[in-house]
Amino acid sequence: MRHGIVLRGGRALVDGAWTERDVGIVDGRIVARPPASARVLDVEVLDVEGLLVAPGLIDLQCNGAAGIDLRSEPERLWELASVLPRWGVTSWLPTIVTSPPDVVARARATLAAGPPPGWRGAAPIGLHCEGPFLSPDAAGAHPVDLLRPPRLASVDGWSATGGIAMVTLAPELDGALAVIEALVGRGVVVSVGHSRATAAEVERAVVAGASSVTHLFNAMSPLHHREPGVAGVAMSDERLTVGLIADGLHVDPSVVAIAERAVGDRLVLVSDAVALLGVDGVDVSDGVRLRDGTLAGSVLPLIDAVANLVAFSRCTPERAVMAASTRPAAALGAHDRGTLEAGSRGDVVVVTPDLRLHTTIVGGAVLHRAPGRGRP
C-alpha cells in the first residue's frame, strides 16, 4: 500500500521564501502535488495551519547526545541517530573526533552494516572525521597525544563511497595538501579547522580542493588586520562554506551577528553536540568544558541554533532555517535533501513562527511531535 502525508494549511519554505502551499509526501518523497485519497490508498492529513513547513535539518557536526559518545562507542551510531529527530535533525554526519585509528574503522563498519531491523531516525550521510590531522597549537579539546601528521597512507580507503563524507584538518601541516587533493578526488568534503594557518596557507588549501571551514572562530587563527588567518579567509572567500556554533558561548552573540552578515549564504549552523545533550540533571549553563576551561563541544540542539541565529543577528527566519538545511545539503552535494522540491527526500520539520519545533518527519514518517504543542 502506498503511503502519503499531506501537510495542509501552513506556509512552506520554497525558493527562500514562505509560501502558502500544501506539502505532500508519497512513499518517502516530496511530490509536486499533494496526494488525494482517490489516488493514494493511505493518506494522512496533518493540519499545520499557522505553522511553518521547512526542509529537515542537517547537522554536519554531531559527536554525541543522550549519553552516547561516538568517540568511545561508535557502535551506538544508529541508536544516537534515532534520538536526533527530537531536535529537528533528519540527516547528519556522525562525527568522530581525534581518537585511536580503530575508532574510525569501527564507525565505518557500523555505518556500512546498516541500521538494525525496525530502526527509524535521522539518516547518516557519512562520517565527519574531525582530526586527527590537526594543529597541536589549536587542538582545543582534542587529545594532543593522538594527533598525527596528514599522510596518504593514513587515509587509504577514505572516500565518500567508503563512508567518509567530511574531514577536518589543519592545512599548514606537512603533507596536508596532498591529503586534501586525494580526499577531494574521492568525493570527500575537506574542511579547514583546528588550525593556525595563515591566509596564504588557507588559500593553498582551497586551491587543492578544501571547500569548508569548521566552527568559525573556534580553534583557529583569528582575524587580524594585517594577517586575516583562517577566520578572515572564512568570512571573505566566496568559495568556502562556513560552519558556526550559535549557542552564545562558543561565539559571542554580537560576533554571530557579524559573521551572519559577512558570510551570508555560505553560513552553515552546526550543533557540535556531545553526549550531554539531552541528559537531564547536568548543569551545563557555562558550556561543556575541560578542567582547564576549554570548551569541549556543546549541548546545543540544532533547532535552537536556528532560533538563536535570528535572535543574535536579526536575520530572517527563512535565512536561519536554510543555514541548517538547504546550505549543509549543498555543501555535501546532497541535492535530494534540504529542499521541498518534488523528488527530494520526505524530510520535513514543522515549526512555530518563533522557530520552536513542532513536528519532525523523516522519509515520510512522523518521528517526533513536540509535547504540549498539539497534534498537527
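Residue indices begin at 1 and follow the sequence shown.
- Between the side chain of R369 and the backbone N or O of H358 there is no donor-acceptor pair closer than 3.5 Å.
- Checked against a 6.0 Å centroid threshold, the rings of H142 and H194 count as neighbours.
- Side chain of S212 to backbone of S191: no donor-acceptor contact under 3.5 angstrom is found.
- Closest of all the heavy-atom pairs between V192 and T168 is C-CG2, 4.4 Å.
- When atom types are taken as modelled, the side chain of T352 and the backbone of R356 share a donor-acceptor pair closer than 3.5 angstrom.
- Side-chain contact of E130 with H215: a donor-acceptor pair under 3.5 Å is present, judged by distance alone.
- Counting heavy atoms of neighbouring residues, nucleotides and ligands inside a 6.0 Å radius, atom NE2 of H224 exceeds 12 of them.
- In the displayed structure, E341 atom CD is contacted under 6.0 Å by at most 12 heavy atoms of other residues, nucleotides or ligands.
- The two residues G114 and W78 come nearest to each other via the heavy atoms O-NE1, 3.3 Å.
- The environment of CG in D292 is crowded: more than 12 heavy-atom neighbours from other residues, nucleotides or ligands sit within 6.0 Å.
- Put simply, the side chain of E227 gets close to the backbone of A199: a donor and an acceptor are under 3.5 Å apart.
- Using a cut-off of 4.0 Å between Lys/Arg side-chain N and Asp/Glu carboxylate O, D265 and R319 are scored as salt-bridged.
- By the rule that hydrophobic residues join a cluster once side-chain heavy atoms approach within less than 4.5 Å of another member, L51 and L340 end up as members of one cluster.
- Side-chain N or O atoms of S325 include one that pairs as donor or acceptor with a backbone N or O of V321 at under 3.5 Å.
- Annotation for T326 and G338: closest pair OG1-O, 2.8 Å, computed over non-hydrogen atoms.
- Between S195 and S135, the side chains place no donor N or O within less than 3.5 Å of an acceptor N or O (distance only, hydrogens not considered).
- Between R29 and D336 there is a salt bridge, since a side-chain N of the basic residue sits under 4.0 Å from a carboxylate O of the acidic one.
- Judged by distance alone, the side chain of R266 and the main-chain N or O of M235 form a donor-acceptor pair under 3.5 Å.
- When hydrophobic clusters are built by joining Ile, Leu, Val, Met, Phe, Trp and Tyr residues whose side-chain heavy atoms come closer than 4.5 Å, directly or via intermediates, L277 is not grouped with L300.
- In this structure, CG in L276 is found 9.5 Å from CG in D69, a value given to the nearest 0.5 Å.
- The distance from the CG atom of L267 to the CG atom of L309 is 6.0 Å, given to the nearest 0.5 Å.
- Rounding to the nearest 0.5 angstrom, the gap separating the OG1 atom in T241 from the CG atom in L332 is 9.0 Å.
- A continuous path of hydrophobic side-chain contacts links V184 to V179 [ILVMFWY only; heavy atoms under 4.5 Å].
- Counting non-hydrogen atoms of other residues, nucleotides and ligands closer than 6.0 Å to CG of D15 gives a total of 12 or fewer.
- In this structure, CG on L7 lies 4.5 Å from CD1 on I361, to the nearest 0.5 angstrom.
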Yes or no on side-chain contact (heavy atoms from CB on, under 4.5 Å) for H335 and T339, after CA distance, side-chain angles and deciding distance?
-> CA-CA 8 Å; H335 301 300; T339 176; over 6 Å; no
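- Using a 4.5 Å heavy-atom threshold, the side chains of I5 and L46 count as touching.
- A distance-only check finds no donor-acceptor pair linking the side chain of T98 to the backbone of P143 [under 3.5 Å].
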Report the C-alpha separation of R345 and D347 in whole Å, then their side-chain angles, then the decisive distance to 0.1 Å, and conclude whether the salt bridge (Lys or Arg N to Asp or Glu O under 4.0 Å) test is met.
-> CA-CA 5 Å; R345 282 175 53 93; D347 296 344; 2.7 Å; yes
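- R120 places no side-chain N or O within donor-acceptor distance of the main-chain N or O of S82, the cut-off being under 3.5 Å.
- I164 and M166 sit in two unconnected hydrophobic clusters of ILVMFWY residues. Membership requires side-chain heavy atoms under 4.5 Å apart, directly or through other members.
- Taken from CG in L152 to CH2 in W158, the straight-line distance is 12.0 Å, to the nearest 0.5 Å.
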Tell me, with the steps shown, if V48 and V53 meet side-chain contact (heavy atoms from CB on, under 4.5 Å).
-> CA-CA 8 Å; V48 294; V53 179; 4.0 Å; yes
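- Under 4.0 Å is where a charged nitrogen must lie from a carboxylate oxygen, and between D174 and R151 at least one such pair does.
- The pair E172-R196 fails the salt-bridge criterion, with no side-chain N (NZ, NE, NH1 or NH2) lying under 4.0 Å from an Asp/Glu carboxylate O.
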Given side chain to side chain donor-acceptor pair (under 3.5 Å), test R337 with S91 step by step and report yes or no.
-> CA-CA 8 Å; R337 306 169 200 244; S91 295; 2.8 Å; yes
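- Contact detail for L77 and L70: the closest heavy-atom pair is CA-CD2, 3.9 Å.
- Proximity of a side-chain donor or acceptor of W92 to a complementary backbone N or O of I125 within less than 3.5 Å is not detected.
- Partner of S271 under the side chain to side chain donor-acceptor pair (under 3.5 Å) criterion, chosen from D247, T95, D59, D304: D59.
- Linking ILVMFWY residues whenever their side-chain heavy atoms come closer than 4.5 Å, directly or via other members, leaves V89 and V270 in distinct clusters.
- The side-chain heavy atoms of V103 and P74, taken from C-beta on, include a pair separated by under 4.5 Å.
- The heavy-atom pair separating T294 from G140 by the smallest distance is CG2-C, 3.7 Å.
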Taking it one step at a time, do V6 and V23 satisfy side-chain contact (heavy atoms from CB on, under 4.5 Å)?
-> CA-CA 6 Å; V6 178; V23 175; over 6 Å; no
Stepwise side chain to side chain donor-acceptor pair (under 3.5 Å) check, H250 with N218 | CA-CA 7 Å; H250 281 78; N218 299 123; 5.1 Å; no
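- Between atom OG of residue S298 and atom CD of residue Q61 there is a gap of 9.0 Å, rounded to the nearest 0.5 Å.
- E260 and R314 are not joined by a salt bridge, as no carboxylate oxygen comes within less than 4.0 angstrom of a charged side-chain nitrogen.
- Closest heavy-atom contact between V97 and N63: CG1-OD1, 3.3 Å.
- Listed for the R239 side chain is no donor-acceptor partner under 3.5 Å among the backbone atoms of V206.
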